Amino acid sequence: MDILLVEDNPGDARLAQEAFSHSSAPVTLHIVSDGEDAMSFLRRKGVHVHAPRPHLILLDLNLPKLSGRETLAQIKGDNRFKSIPTVILTTSDAEEDISYCYENYANCYVRKPTQWDAFGDVVKHVNSVWLGLALLPPVRG
Amino acid sequence: MDILLVEDSPGDIRLTVEAFRDANPAVHIIVVRDGTEAMAYLRQLGIYVLAPRPDLILLDLNMPKMDGREVLALIKADESLKLIPTVILTTSAEEADIVHSYKHHANCYLQKPVELQSFEDLVKSVNNFWLNQVRLPQQASV
């Protein structure tokens with residue numbers, strides 16, 4: 001399974017990488033560090049010309065260039081990508097961020113913990129629900 | 001916490017309500033049996049005028065009167081309802097149903113298991129993830 005992680009903090013990206021490496025299912029984590037690159041990945045532009053269509057997108061909100069909110073709006077506003085489950089994974093606990101994301105069709109909103117083992121737990125839960133339990137739309141085509 | 005269960009099968013209603021009672025006694029489940037009732041509830045019409053806005057909606061697809069597909073479309077097109085996480089819970093594993101649901105902004109799509117234990121496990125997972133891990137939007141007070 002292919003997951004697109006949109007995360008600008010290298011430490012958090014490493015944490016996620018580490019946590020997903022413990023998945024029972026084979027997961028390939030594709031990491032981009034800003035919203036513009038995320039959109040290029042989805043559109044298979046430039047260096048991403050051979051990018052796979054992800055089964056799941058994990059999206060931070062605090063991103064340079066194109067913000068997480070803007071990126072979410074672009075993903076969910078595009079008929080080609082809107083059906084890709086998009087999980088907001090962010091440090092923000094602001095009510096306005098939570099509301100904004102659900103109003104703009106984020107599939108769910110998960111708060112990023114700061115400690116490693118808590119992060120690992122969150123990833124395990126995201127994994128078990130989104131890559132285990134939930135039925136996902138096909139990625140071919 | 002309030003969950004709106006939109007489900008026409010009495011057996012599945014009972015299974016879901018009991019499984020949630022075991023998984024999380026603090027959850028209050030409101031049951032409506034078809035899409036028309038679901039929309040009346042969500043729009044706080046008639047007997048539902050004081051109904052609390054649910055924190056989560058579990059939505060079956062195949063129902064009489066108005067089916068889940070229509071309900072989903074109505075919820076996600078409504079400015080005040082669209083933010084409510086809406087999880088499809090259905091017997092169907094048809095690709096067309098899965099794609100249709102996500103395209104219409106279902107938050108998640110789960111297939112109802114046939115075995116009792118699996119059904120209880122599924123409800124436990126829904127409770128753990130959607131009511132404990134996930135941040136849900138605050139409901140605007142009436």
Side-chain angles (χ1 to χ4, degrees), chain A residues 53 55-57 61 72-73 75-113 118-141, chain B residues 53-57 61 72-73 75-113 118-119 121-141:
Chain A
R53 184 179 166 90
H55 290 84
L56 181 70
I57 299 170
L61 288 184
L72 174 67
I75 292 169
K76 292 300 182 179
D78 192 319
N79 266 320
R80 296 169 293 175
F81 313 131
K82 66 183 185 179
S83 61
I84 304 174
T86 303
V87 173
I88 305 299
L89 186 60
T90 184
T91 48
S92 167
D93 207 23
E95 194 45 53
E96 52 193 38
D97 281 335
I98 299 170
S99 301
Y100 179 94
C101 290
Y102 280 107
E103 280 164 9
N104 285 274
Y105 306 120
N107 293 77
C108 68
Y109 188 111
V110 177
R111 185 117 183 269
K112 222 194 260 180
F119 202 106
D121 272 345
V122 166
V123 165
K124 219 174 16 181
H125 280 106
V126 167
N127 217 357
S128 76
V129 170
W130 287 103
L131 303 185
L133 206 56
L135 296 189
L136 301 182
V139 293
R140 63 179 182 280
Chain B
R53 175 139 302 158
D55 296 289
L56 182 71
I57 300 169
L61 285 183
L72 177 66
I75 290 171
K76 294 301 179 180
D78 185 309
E79 281 307 311
S80 63
L81 299 177
K82 66 183 184 174
L83 81 174
I84 307 173
T86 303
V87 175
I88 304 300
L89 183 58
T90 179
T91 47
S92 167
E94 293 295 312
E95 195 173 280
D97 283 335
I98 299 169
V99 172
H100 183 274
S101 300
Y102 281 108
K103 278 211 162 135
H104 288 80
H105 302 297
N107 293 78
C108 190
Y109 188 110
L110 300 174
Q111 189 186 18
K112 275 183 218 174
S118 310
F119 200 106
D121 289 343
L122 180 111
V123 166
K124 257 200 226 124
S125 297
V126 167
N127 180 61
N128 283 333
F129 189 72
W130 287 98
L131 303 186
N132 287 303
Q133 292 279 323
V134 164
R135 299 290 283 118
L136 296 174
Q138 296 278 13
Q139 302 310 330
S141 47

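Just so we're on the same page: letters track the sequence lines, and every chain starts at 1. All of these numbers come straight from a predicted model, not from anything done at the bench.
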Notebook entry, point to check: Between SG of B:C108 and OH of B:Y102, what distance do you get to the nearest 0.5 Å?
Noted result: 4.5 Å
Checklist line | Closest-packed option against chain A by number of heavy-atom pairs under 4.5 Å, given B:E95, B:H100, B:E79, B:Q111 | finding: B:E95
Notebook entry, point to check: So what's closer than 4.5 Å to chain B heavy atoms on A:I84: side chain, backbone, both or neither?
Noted result: neither
Notebook entry, point to check: Can you say whether B:A93 sits under 4.5 Å from chain A via the side chain, the backbone, both, or neither, judging by heavy atoms?
Noted result: both
Check: Using a cut-off of under 4.5 Å for heavy-atom pairs, which of A:S99, A:A134, A:C101 has the most such pairs with chain B?
Finding: A:A134
Next item on the list: Quick one: sort the B:H105 and A:Y105 rings into parallel, tilted or perpendicular, breaks at 30° and 60°.
Entry: parallel
Notebook entry, point to check: Given a strict heavy-atom distance threshold of 4.5 Å, which part of A:V122 is in contact with chain B: side chain, backbone, both, or neither?
Noted result: both
Note to self: Please check this pair: side chain of A:N107 against backbone of A:T86, looking for a donor-acceptor N/O pair closer than 3.5 Å.
What the structure shows: yes
Check: side-chain hydrogen bond (donor to acceptor under 3.5 Å, both in side chains) with A:D121: which residues, sequence neighbours excluded?
Finding: none
Note to self: List the residues meeting side chain to side chain contact (heavy atoms under 4.5 Å, CB included) with A:N79, not counting sequence neighbours, and say none if there are none.
What the structure shows: A:K82
Margin query: So for A:E103, is it side chain, backbone, both, or neither that comes closer than 4.5 Å to the heavy atoms of chain B?
Written below: both
